[in-house]
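What follows is a set of notes on a single structure, which appears directly below.
Throughout, a chain's letter reflects where its sequence line sits, starting with A, and its residues are numbered from 1.
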2 protein chains.
Amino acid sequence: MRDVAKLAGVSHQTVSRVINEHPNVRAETRERVLAAMRSLNYRRNLAARTLATRESHTLGIIGFETTLFGPESMLYGIESAARAAGYLVSVATVRDLEHRPVLEAVDRLAQHDVDGIIAIAPKASVITALTHAPGGLACVAVGGAGPIASPHGGSTPEEPFPTVRVDNAAGARLATRHLLDLGHATVHHAAGPPDWPESQARVEGWRETLYAAGAVVPPVTSGWWDAAAGYEQGRRLAADHSVTAVFCSNDRIALGVLRALQEAGRRVPEDVSVVGFDDMPDSGFFLPPLTTVHQDFAELGRRALALLLRHMGRPGDAPPEDVVVAPSLVPRASSAPPRAGSALPGSAPPGPGSAPTRSS
Amino acid sequence: MRDVAKLAGVSHQTVSRVINEHPNVRAETRERVLAAMRSLNYRRNLAARTLATRESHTLGIIGFETTLFGPESMLYGIESAARAAGYLVSVATVRDLEHRPVLEAVDRLAQHDVDGIIAIAPKASVITALTHAPGGLACVAVGGAGPIASPHGGSTPEEPFPTVRVDNAAGARLATRHLLDLGHATVHHAAGPPDWPESQARVEGWRETLYAAGAVVPPVTSGWWDAAAGYEQGRRLAADHSVTAVFCSNDRIALGVLRALQEAGRRVPEDVSVVGFDDMPDSGFFLPPLTTVHQDFAELGRRALALLLRHMGRPGDAPPEDVVVAPSLVPRASSAPPRAGSALPGSAPPGPGSAPTRSS
DNA sequence: GAGCACGTTGAGAACGGTAACACTCACGAA
DNA sequence: TTCGTGAGTGTTACCGTTCTCAACGTGCTC
């Protein structure tokens with residue numbers, strides 16, 4: 001920078017002003033400085049800038065060390081939005097979402113002077129860890145179930161926290177409603193891990209919809225977010241011939257359920273309808289193509305970044321907003337009306353709103 | 001730091017020595033400084049350190065803005081290895097793998113003073129862009145096909161470049177050999193994008209194996225790495241009833257092929273055997289469970305980091321190593337011996353090594 | 001007892017920017 | 001004329017480290 005100043009015949013401060021687009025620089029001077037910068041191939045040193053301003057123009061992302069589709073996609077959404085806003089993102093992953101490892105990740109990011117943190121894949125424990133972040137460090141959680149206390153797990157954090165998330169309950173309602181509308185007496189549910197708020201919210205949306213329709217609410221089974229867990233759950237469901245419709249907490253679980261049903265000789269969608277959640281890129285190519293609930297992860301990432309920047313702007317504590325994105329249903333071949341009289345021993349009463357109209 | 005020095009009754013320089021574990025500090029002094037640090041809750045400022053040493057202890061990762069399974073997994077492998085080595089990773093993603101965007105990504109990382117760069121998902125164009133990185137910035141590519149020039153695309157970079165990769169050709173040989181050993185007269189191939197070295201190398205391994213076995217080498221079809229492309233290719237393959245075995249360039253392509261075959265009424269593995277590549281977490285739950293080639297992405301990430309650190313150690317140009325990891329075959333239900341006389345009009349000669357022995 | 005190597009410590013100058021403030025003009029209002 | 005004002009610029013301090021070099025014992029050799 002000193003060299004640039006010398007070459008342009010100005011002081012280093014003027015060079016700094018040009019770099020930072022300060023208005024009070026004569027156009028001619030600015031040009032001279034810019035020319036000098038070009039000819040010297042000058043590039044500002046961000047470390048020095050960080051030292052002086054205490055702003056690193058870097059954002060931290062806390063991720064979960066597992067290839068879950070959602071978190072992945074959000075990483076990209078966040079990164080590209082951050083790039084547009086002039087930030088670089090650094091990632092710190094944690095092996096499990098407990099208090100301790102998350103705190104360490106926050107610490108690591110804080111040490112590298114990140115200006116703010118976005119935590120992906122939050123369980124309640126992640127959020128409580130985040131509230132212990134060093135003062136002044138803006139944090140946002142993306143995913144999770146937001147401040148809506150779950151009626152089951154008592155572990156949801158008490159204090160509100162800035163969050164961006166998909167309306168999981170609404171998505172579950174969409175899926176359940178869809179199956180009910182097709183004429184199924186009731187809908188079974190293959191849930192995700194019981195201690196994940198997103199899973200809890202989906203259970204809730206499902207239960208609520210059945211209840212409102214006067215349908216029987218079958219017991220919930222749960223497991224990890226993968227196909228192996230879905231297979232496990234699917235085997236149990238396949239054994240029960242009263243099951244005609246299954247809503248799965250994500251597409252990977254649905255994949256496992258699909259396989260279990262097929263192994264048991266139950267055809268999809270003729271014997272059993274299956275609906276997933278996520279709309280992964282390939283779920284349209286499952287056998288059969290999977291009806292599912294679409295979430296726009298990229299949009300979620302963008303919103304998360306926007307929220308974080310808003311919070312960074314106001315250094316003190318601003319009201320913690322809760323941004324909610326609506327999911328949508330993607331009907332495909334894995335759901336269809338039940339065969340006449342397929343629910344054989346069905347202890348399920350024909351709920352009120354079960355007119356077999358095709359959902360759009 | 002000044003405060004710590006004052007409290008411990010030493011100079012700031014001595015504090016610095018304690019932090020950096022310089023040997024020539026009296027044990028008693030060190031203790032005093034450490035105590036002061038603890039009581040003041042002191043934390044070294046990395047920006048200042050970076051400014052003084054020109055080392056940021058941050059690594060850059062250039063990723064591809066798409067959820068491909070491999071790249072994702074490697075990100076985690078790299079991050080956790082980097083953490084262990086005391087580095088934080090920053091990611092810069094590119095929308096497409098062309099020269100220009102990659103250069104910009106390198107630039108952005110360089111501006112943030114990263115100590116080295118790992119590029120994931122390299123096409124040849126990425127590597128050539130990398131060779132133009134600012135001098136002294138260590139770069140490593142992970143994935144790709146390494147310095148082995150492909151016989152087809154003439155675009156492989158001339159100069160060798162430090163690379164970590166799976167032996168794609170060997171994986172393809174494994175898959176092809178497996179199908180041949182099951183008794184198939186020949187093996188068709190649903191390839192990935194023709195301009196990706198990894199895809200090229202798999203084509204090569206496949207072709208070579210067929211050739212060595214004296215089997216007919218059918219024409220290759222290719223497309224993107226996803227199920228949609230696999231479906232497209234699968235439709236064409238399903239129409240040809242002489243096809244009894246298909247090797248797919250990754251699991252997602254295989255998923256699409258599986259669906260196309262099923263739609264066409266061709267059963268897997270009874271009528272057609274299918275083998276994939278990658279061993280994604282859920283491919284054991286495809287219908288039927290997919291025989292595939294396993295690559296250890298986490299290991300790849302670790303190796304990439306190790307190679308990068310080695311290159312960072314030697315500032316000048318060190319011999320660009322090429323680390324190769326061996327893949328392995330995971331036999332599952334999607335591959336089986338052909339039905340007797342299933343390859344009806346087969347112009348394929350019964351190759352020499354085609355004894356129908358089950359591969360392990 | 002002088003000279004010397006070595007372990008231990010400190011003072012001051014980088015590192016490359018930004019912030020705060022002072023200064024010089026030109027211009028218009030009192 | 002005098003003063004205030006605001007644009008344009010330079011001076012100096014400061015951000016929190018590490019690096020260089022000098023200074024001070026201490027114990028050893030000659």
Review point. Counting heavy atoms not belonging to A:Arg95, are there more than 12 under 6.0 Å from its CZ?
Key: no
Point to revise | salt_bridge(B:Arg165, B:Glu198) N-O dist < 4.0 Å | key: no
Check your understanding: Can A:Glu72 and B:Tyr76 be counted as having a side-chain donor-acceptor contact under 3.5 angstrom?
Key -> yes
Review point. Taking OP1 and OP2 of C:dT18, is either one under 4.0 Å from a side-chain nitrogen or oxygen of A:Ser16?
Key: yes
**Study point:** Length of the NZ-P vector between B:Lys6 and C:dG10, whole Å
**Key:** 14 Å
**Study point:** Between P of C:dG16 and CZ of A:Arg54, the distance in whole Å
**Key:** 20 Å
**Study point:** Salt-bridge present (B:Arg100, B:Glu104; N to O < 4.0 Å)
**Key:** yes
Check your understanding: Is the distance from OP1 or OP2 of C:dC15 to the nearest side-chain N or O of A:Asn45 less than 4.0 Å?
Key -> no
Point to revise | B:Ile19 CD1 to D:dC19 P, straight-line distance once rounded to whole Å | key: 12 Å
Practice item. Could you check whether B:Asn24 gets within reach of a base, just the sugar-phosphate, or nothing at all, counting any heavy atom under 4.0 Å? Key: base
Point to revise | Sugar-phosphate only, base, or nothing, as touched by B:Arg17 at under 4.0 Å among non-hydrogen atoms | key: base
**Study point:** Whole angstrom value for the distance that separates C1' of C:dG7 from CD of B:Glu28
**Key:** 15 Å
Study note, to complete from the structure: DNA chain C nearest-nucleotide lookup for B:Ser11 and A:Gln13: closer to the 5′ end is B:Ser11
Review point. Does a salt bridge link B:Asp113 with B:Arg54, judged by any charged N lying under 4.0 Å from a carboxylate O?
Key: no
Practice item. Check whether any side-chain nitrogen or oxygen of A:Arg26 sits under 4.0 Å from OP1 or OP2 of D:dG8, and answer yes or no. Key: no
Check your understanding: Quick one: B:Leu51 CG to C:dA14 P, roughly how many Å, whole number?
Key -> 14 Å
Check your understanding: Quick one: is D:dG16 close enough that its OP1 or OP2 comes under 4.0 Å of any side-chain N or O from B:Arg43?
Key -> no
Point to revise | Any B:Thr29 side-chain nitrogen or oxygen under 4.0 Å from OP1 or OP2 of C:dT9 | key: yes
Review point. For D:dT17, does either OP1 or OP2 sit under 4.0 Å from a side-chain N or O belonging to B:Arg44?
Key: no
Review point. Closer than 4.0 Å, any side-chain N/O of A:Arg2 to the OP1 or OP2 of C:dC15?
Key: yes
Point to revise | Spacing of B:Leu46 atom CG relative to D:dT17 atom P, expressed in whole Å | key: 9 Å
**Study point:** OP1 or OP2 of D:dG10 under 4.0 Å from side-chain N/O of A:Thr14
**Key:** yes
Practice item. Map B:Val25 and B:Ala48 onto DNA chain C by nearest heavy atom, then report which one ends up closer to the 5' terminus. Key: B:Val25
Check your understanding: If you look at every strand shown and take non-hydrogen atoms under 4.0 Å, does B:Arg30 touch a base, only sugar-phosphate, or nothing?
Key -> nothing
Point to revise | Distance, rounded to the nearest Å, where A:Gln111 contributes CD and D:dG16 contributes P | key: 15 Å
Review point. Between B:Arg310 and B:Glu321, is the closest basic N to carboxylate O distance under 4.0 Å?
Key: yes
Review point. Could you state the NE2-C1' distance from B:His12 to D:dT20, rounded to the nearest angstrom?
Key: 12 Å
Check your understanding: Contact class for A:Thr50 vs. all strands (heavy atom < 4.0 Å): base, sugar-phosphate, or nothing?
Key -> nothing
